[in-house]
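A short write-up of the structure that comes next.
Indexing begins at 1, ligand by ligand and atom by atom, following the structure's order. One-based numbering along the sequence shown.
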Amino acid sequence: MNSSTTTSGLTFDVQLSAQRKTPQEREQLLENPGFGTVFTDHMVSIDYMEGKGWYDPRLEPYGPLTLDPATASLHYAQEIFEGLKSYRHPGGEVACFRPEANAARFNRSARRMAMPELPEELFLGAIETLLSHDSEWIPSQPNSSLYLRPFMFATDVGLGVNHPSRSYRFVLIASPSGPYFSGGIKPVSVWLSEDYTRAAPGGTGEAKFAGNYASSFVAQSQAVQQGCDQVVWLDAKEHRWVEEMGGMNLFFVFGSGDEARLLTPALTGTLLPGITRDSLLTLGPELGFPTEEGSISTDEWRRAAQSGELTEVFACGTAAVITPVGHVKGPGTEFTIGDGQAGPVTMGLREELVALQYGTRPDTHGWVRTLA
Ligand SMILES: *Cc1c(COP(=O)(O)O)cnc(C)c1O
């Protein structure tokens with residue numbers, strides 16, 4: 001079947017899937033979707049060609065891509081992505097949390113990788129189009145959502161390396177995701193990586209660039225070998241300044257009760273500017289916690305944890321929202337944060353953020369975009 005959907009003044013050609021899951025099949029898949037393994041019936045694609053711009057925006061059946069073996073992105077990794085969630089609000093509306101911020105970051109990543117920017121209205125129009133057809137894939141259990149994965153890759157065919165690709169494809173897929181923590185919130189243990197670095201000054205650490213992940217897996221495996229859940233990245237030069245945890249930003253809580261204050265590593269150019277991090281920089285002070293962007297070394301982290309001045313540490317990002325960090329290990333060091341359990345500041349911030357995302361608290365920041 002062919003038709004078209006007009007969203008945000010843009011027309012997306014609509015080709016509905018002939019193999020849509022039946023409501024029963026869908027319900028079965030939604031019972032325990034996990035993360036990133038179940039996909040909806042459709043995807044959105046948009047093509048780009050130098051001199052022509054973006055063309056042929058379309059909703060089409062979810063399915064494999066056919067690529068020439070010499071497709072540039074398979075060789076030289078010009079590929080960026082985003083990650084955000086859509087939620088079912090109590091009134092039945094479908095909402096996204098700060099999608100404009102994802103659109104803006106997508107374009108900052110594109111500029112770093114010499115890729116074309118995608119106009120915000122196309123980014124948001126793609127989300128609107130996909131959700132207007134696939135929103136029944138939003139799971140109904142508490143703390144579930146439909147994870148949205150927009151990405152863009154180089155499609156030129158040829159092995160020349162002297163210039164970026166002249167053609168690209170943008171694709172948006174969606175994956176129902178269950179509660180990240182099925183057995184309640186469990187603090188993670190982390191490994192301080194001195195052997196590997198995620199990002200160096202002038203590099204690609206600030207971009208949501210696929211290659212940053214490719215180079216991180218070996219460090220993540222090392223963390224697991226050390227008996228830890230996640231890797232913590234340190235600065236490239238001194239291996240001393242704390243940057244991020246895996247694919248999440250970090251927050252440090254000093255003091256407790258009315259005296260608690262928050263610190264998150266500043267965006268030096270090698271950190272990924274998380275939208276969750278940015279939201280917490282606003283929510284922290286609103287909940288009464290002075291919040292600053294600064295720097296913390298691994299020595300300072302250990303010293304403050306051992307003196308009891310540092311009471312909680314947590315990581316934040318779209319997928320897991322907020323994850324407490326309970327235990328830290330590194331070459332020649334090992335210590336616990338507080339009693340190793342999730343602390344009250346961490347859980348209070350988590351509850352506030354989740355309530356805004358799921359629409360159970362009024363949106364006083366203009367962060368919620370209702371779509372369908
Ligand atoms: C995506 C990502 C984050 C978190 O960003 P959010 O916008 O909060 O989801 C943090 N670090 C890295 C390396 C990331 O890729």
Side-chain angles (χ1 to χ4, degrees), residues 35-36 77 79-87 96-110 112-113 123 127 145-152 174-175 177 180 188 190-191 193 196-201 203-220 223 229-236 241-252 262 264-284 291 293 313-323 325 346 349-350 352-354 356-357 365 367-369:
F35 183 81
E79 206 266 302
I80 58 169
F81 67 97
E82 268 303 323
L84 70 162
K85 286 173 169 175
S86 52
Y87 310 87
C96 284
F97 188 72
R98 305 187 67 187
E100 301 84 358
N102 294 93
R105 187 171 64 189
F106 194 62
N107 284 337
R108 289 199 303 275
S109 300
R112 176 62 184 82
M113 306 314 294
F123 187 93
I127 293 175
S145 58
L146 183 61
Y147 182 79
L148 304 173
R149 168 53 59 87
F151 60 104
M152 190 212 309
S175 176
S177 107
Y180 207 85
V188 295
V190 298
W191 170 253
S193 180
Y196 301 103
T197 45
R198 191 189 82 94
T204 57
E206 227 173 7
K208 226 166 162 66
F209 159 55
N212 291 341
Y213 278 79
S215 62
S216 78
F217 295 130
V218 65
Q220 174 62 28
D229 299 305
Q230 289 286 335
V231 59
V232 162
W233 301 108
L234 307 175
D235 75 290
W241 303 103
V242 179
E243 297 201 330
E244 299 189 59
M245 180 192 93
M248 300 174 83
N249 295 112
L250 284 166
F251 274 83
F252 295 81
L262 301 168
T264 188
L267 301 177
T268 56
T270 50
L271 280 77
L272 197 289
I275 294 162
T276 317
R277 172 189 181 279
D278 186 69
S279 305
L280 291 172
L281 285 171
T282 297
L283 294 179
T291 305
E293 300 178 76
V313 176
F314 64 85
C316 66
T318 297
V321 194
I322 287 182
T323 305
V325 176
T346 300
L349 284 164
R350 184 184 160 88
E352 184 71 19
L353 184 58
V354 165
L356 289 168
Q357 292 172 336
H365 305 91
W367 284 345
V368 172
R369 191 180 171 99

With a 4.0 Å cut-off, would you call E243 and R198 a salt bridge? no

Run the side chain to side chain contact (heavy atoms under 4.5 Å, CB included) test against A320 and tell me which residues pass, sequence neighbours left out. Y180, F181, M248, T323

Check this for me, if you would: do R369 and E100 make a salt bridge, where the nitrogen-to-carboxylate-oxygen distance has to be below 4.0 angstrom? yes

Do E82 and F123 have side-chain heavy atoms sitting under 4.5 Å apart? yes

Considering all heavy atoms, the nearest T291-G284 contact: OG1-CA, 3.6 Å

For ligand 1, list every N/O pair with the protein closer than 3.5 Å, one pair per line with the distance.
{"residue": "ligand 1", "atom": "7 (O)", "partner": "R105", "partner atom": "NH1", "Å": "2.8"}
{"residue": "ligand 1", "atom": "7 (O)", "partner": "R105", "partner atom": "NH2", "Å": "3.1"}
{"residue": "ligand 1", "atom": "7 (O)", "partner": "I275", "partner atom": "N", "Å": "2.8"}
{"residue": "ligand 1", "atom": "8 (O)", "partner": "I275", "partner atom": "N", "Å": "3.3"}
{"residue": "ligand 1", "atom": "8 (O)", "partner": "T276", "partner atom": "N", "Å": "2.9"}
{"residue": "ligand 1", "atom": "8 (O)", "partner": "T276", "partner atom": "OG1", "Å": "2.6"}
{"residue": "ligand 1", "atom": "9 (O)", "partner": "T318", "partner atom": "N", "Å": "2.9"}
{"residue": "ligand 1", "atom": "9 (O)", "partner": "T318", "partner atom": "OG1", "Å": "2.6"}
{"residue": "ligand 1", "atom": "11 (N)", "partner": "E244", "partner atom": "OE1", "Å": "2.5"}
{"residue": "ligand 1", "atom": "11 (N)", "partner": "G247", "partner atom": "O", "Å": "3.3"}
{"residue": "ligand 1", "atom": "15 (O)", "partner": "K208", "partner atom": "NZ", "Å": "2.6"}
{"residue": "ligand 1", "atom": "15 (O)", "partner": "Y213", "partner atom": "OH", "Å": "2.7"}

Before we go on, tell me: are the rings of F97 and Y87 under 6.0 Å apart, centre to centre? no

